[in-house]
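No hydrogens, no waters, no symmetry mates; every other heavy atom, side chains included, goes into these values. This is a predicted model, so every value here is computed, not measured.
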Amino acid sequence: MNILAIESSCDETAAAVVSDGRIVRSSVVASQVEEHRLYGGVVPEIASRRHAEAITPVTRQALREADCSLSDIGAIAVTHAPGLIGALLVGVNFAKGLSLSTGIPLVPTHHLRSHIASNYISGQELKPPFLCLVVSGGHSHIVMVKDYTEMKIIGKTRDDAAGEAFDKAARAMGMPYPGGIELDKVAESGDPGAFKLPRPIVHDAPYDFSFSGLKTAVINLLHNSAQKGETLRKEDVCASYRYAVVDCLVTNFIKAADDLNVDRLVIAGGVSANSLLRKTLSDECRRRGWEFYMPDKKWCGDNAAMVGSQGYYEYLSGNTADTDLNAYATMSIE
Ligand code: KG4
Ligand code: ZN
């Protein structure tokens with residue numbers, strides 16, 4: 001069964017055609033990042049306007065590249081939550097219009113569930129249950145994926161998301177938005193032991209994260225050295241900071257897996273592209289004899305192929321919507 005998938009939750013307008021939840025027949029992403037970079041972050045008003053312009057050509061292109069017409073499509077999956085409300089509404093209204101005019105069923109899909117599903121594309125044999133670390137620009141969760149559409153949150157961030165923590169520190173070092181990617185690259189040639197940074201712990205919640213203290217610590221380190229007229233080696237600051245963030249993520253994730261007796265671990269979301277996170281978890285899982293899955297780098301960021309994958313499983317569980325479907329800025333993954 002072919003799913004036409006639409007994604008517009010943040011600053012990427014994307015459409016894809018996916019067969020049976022696993023085979024990507026086309027995936028088109030129109031990124032607005034260059035425009036938002038001028039402002040140092042996503043400007044919601046601009047994002048909505050760009051989605052409105054891009055959504056029709058991007059969808060047409062996805063159908064064309066898949067060599068499909070609408071009559072070959074069994075369901076239309078659309079991201080309806082969470083995200084920027086004005087941005088989400090563009091995709092939701094477009095998908096509703098298409099569903100209404102063609103009679104093709106409409107499937108609302110949760111953005112973070114879709115990030116998890118990017119692993120069904122990269123790891124064709126992967127099936128739930130597994131424990132997933134979902135780390136994006138807006139969320140950091142440890143999720144028990146009991147089944148394709150049944151999830152339980154085991155831990156989450158109390159303040160900044162991991163991607164946000166990377167982006168804010170990168171910005172303080174003068175890197176363009178979204179700085180997480182560049183910080184990761186610069187860190188490759190630095191010494192992770194050069195600066196001691198804290199490992200914030202959330203008391204009585206061993207699987208929860210807190211990144212704001214860590215982010216403040218690195219910003220203070222930069223300010224203090226600037227006041228003294230010293231220049232710190234950027235590579236070393238990036239490497240020490242990346243090591244600290246990844247250490248927090250990995251420690252809690254491994255502890256949760258140990259405590260829950262899970263031996264199949266998965267990562268997802270934009271930050272799952274981080275080289276140190278990928279390497280550390282691969283090594284830790286191999287050492288313990290656990291299975292480990294991560295999405296190919298091209299599926300880590302926002303795209304619609306992952307929406308087509310999750311949308312297929314949502315459809316199979318009967319999660320379809322009517323034309324009264326709305327968009328929501330926040331919604332639990334559960
Ligand atoms: O999942 P995503 O594309 O969008 C959201 O749903 O939020 O995640 C974007 C986030 C940004 O904060 C970006 O800096 C971060 O993922 N990111 C990275 C890397 N690549 C993307 N963070 C660290 N290392 C990377 N290699
Ligand atoms: Zn995302």
Side-chain angles (χ1 to χ4, degrees), residues 1-36 42-81 83-111 113-115 117-118 120-121 295-296 298-315 319-323 325-327:
M1 177 194 181
N2 291 324
I3 303 266
L4 171 65
I6 313 278
E7 155 68 39
S8 70
S9 66
C10 189
D11 58 350
E12 260 99 27
T13 319
V17 177
V18 180
S19 296
D20 300 330
R22 300 274 175 165
I23 310 298
V24 182
R25 297 186 54 176
S26 68
S27 171
V28 181
V29 180
S31 176
Q32 313 169 355
V33 72
E34 293 300 332
E35 194 167 358
H36 296 293
V42 179
V43 182
E45 166 81 17
I46 295 178
S48 309
R49 288 172 184 274
R50 295 295 166 264
H51 286 309
E53 288 162 3
I55 197 131
T56 304
V58 162
T59 306
R60 278 194 206 282
Q61 191 182 337
L63 286 167
R64 198 168 52 241
E65 286 182 11
D67 207 10
C68 272
S69 69
L70 284 170
S71 56
D72 303 314
I73 301 296
I76 300 167
V78 63
T79 307
H80 73 311
L84 300 171
I85 192 66
L88 287 164
L89 279 167
V90 175
V92 166
N93 279 319
F94 180 82
K96 271 162 70 164
L98 208 51
S99 167
L100 189 64
S101 58
T102 55
I104 302 172
L106 184 62
V107 182
T109 309
H110 190 285
H111 184 69
R113 287 188 176 195
S114 298
H115 270 301
S118 62
Y120 304 139
I121 299 168
D296 290 346
K298 72 170 186 175
W299 304 126
C300 290
D302 290 346
N303 65 84
M306 65 186 196
V307 180
S309 176
Q310 183 62 26
Y312 174 70
Y313 294 105
E314 298 289 345
Y315 178 79
N319 295 340
T320 54
D322 231 319
T323 45
L325 176 68
N326 210 338

Exercise. What heavy-atom pair brings His36 and Val42 nearest, and what distance separates the two atoms?
Worked result: ND1-CA, 3.6 Å
Seminar exercise, completed: CD1 of Ile73 to CG of Leu63, rounded to nearest 0.5 Å, is 5.5 Å
Exercise. Nearest 0.5 Å, what's the CZ-CD distance between Arg50 and Glu35?
Worked result: 4.0 Å
Problem set entry | Backbone of Ala95 reached by a side-chain donor or acceptor of Ser99 within 3.5 Å | no
For this session: Please confirm whether the backbone N or O of Leu325 pairs with a side-chain atom of Asp322, one donor and one acceptor, at under 3.5 Å?
Result: no
Exercise. Between the side chain of Ser26 and the main-chain N/O of Ala62, is any donor-acceptor distance below 3.5 Å?
Worked result: yes
Problem set entry | Sidechain-backbone polar pair: Asp20 side chain, Met1 backbone, donor-acceptor under 3.5 Å | yes
Exercise. Distance from Lys298 atom NZ to Ser27 atom OG, nearest 0.5 Å?
Worked result: 7.0 Å
Problem set entry | ring pair (Phe, Tyr, Trp, His ring centres under 6.0 Å) against Tyr120, all qualifying residues, sequence neighbours excluded | Tyr148, Tyr313
Exercise. Under a 4.5 Å cut-off applied to non-hydrogen side-chain atoms, are Phe94 and Thr56 in contact?
Worked result: yes
Exercise. So, do Leu106 and Thr323 sit near enough that their side-chain heavy atoms are less than 4.5 Å apart?
Worked result: no
For this session: Might you point out which heavy atoms bring Ala30 and Ala54 nearest each other, and give the distance in Å?
Result: CB-CB, 4.5 Å
Exercise. Taking Asn93 for the side chain and Leu89 for the main chain, is one N or O donor matched with an acceptor at less than 3.5 Å?
Worked result: yes
For this session: Determine the minimum heavy-atom distance between Met306 and Ala117, stating which atoms define it.
Result: O-CB, 3.7 Å
Exercise. Say you draw a straight line from NE2 of His51 to CD1 of Ile6; how long is it, rounded to the nearest 0.5 Å?
Worked result: 12.0 Å
For this session: Indicate the atoms forming the closest heavy-atom contact of Ala77 with Thr109, along with that distance.
Result: CB-OG1, 3.8 Å
Problem set entry | salt bridge (charged side-chain N to carboxylate O under 4.0 Å, His left out) partners of Arg49, counting only residues at least two apart | Glu45
For this session: Examine distances only and state if a side-chain atom of Ser48 and a backbone atom of Pro44 form a donor-acceptor pair shorter than 3.5 Å.
Result: yes
For this session: Report yes or no: does Thr59 contribute a side-chain atom to a donor-acceptor pair with the main-chain N or O of Ala15 at less than 3.5 Å?
Result: no
Problem set entry | Shortest non-hydrogen contact between Ser9 and Ala87, atoms and distance | O-CB, 4.0 Å
Problem set entry | Pro295 side chain near Ile121 side chain, heavy-atom distance below 4.5 Å | no
For this session: Determine, stepwise, if the pair Glu65 / Arg25 fulfils salt bridge (charged side-chain N to carboxylate O under 4.0 Å, His left out).
Result: CA-CA 8 Å; Glu65 286 182 11; Arg25 297 186 54 176; over 6 Å; no
Exercise. Under 3.5 Å, is there a donor-acceptor pair between the side chain of Asp72 and the main chain of Ser69?
Worked result: yes
For this session: Could you verify whether a donor N or O on one side chain and an acceptor N or O on the other, from Glu7 and Thr79, lie under 3.5 Å apart?
Result: yes
Problem set entry | Step-by-step side chain to side chain contact (heavy atoms under 4.5 Å, CB included) determination, Asp11 to Ser31 | CA-CA 6 Å; Asp11 58 350; Ser31 176; 5.5 Å; no
Exercise. Between Ala327 and Ile85, which heavy-atom pair has the shortest distance, and what is it?
Worked result: O-CD1, 3.3 Å
Problem set entry | 4.5 Å side-chain heavy-atom contact, Pro105 and Ile76 | no
Problem set entry | Glu12 and Asn303, any side-chain heavy atoms less than 4.5 Å apart | no
For this session: Please step through side chain to side chain contact (heavy atoms under 4.5 Å, CB included) for the pair Val90 and Thr13, ending with a clear verdict.
Result: CA-CA 10 Å; Val90 175; Thr13 319; over 6 Å; no
Problem set entry | Glu314 side, atom CD; Ile3 side, atom CD1 - distance, nearest 0.5 Å | 10.0 Å
Exercise. Quick one: are Val307 and His111 in side-chain contact, heavy atoms under 4.5 Å?
Worked result: no
Exercise. What is the distance from atom CG of Asn2 to atom CG of Leu70, rounded to the nearest 0.5 Å?
Worked result: 11.0 Å
Problem set entry | Val24 side chain near Val17 side chain, heavy-atom distance below 4.5 Å | no
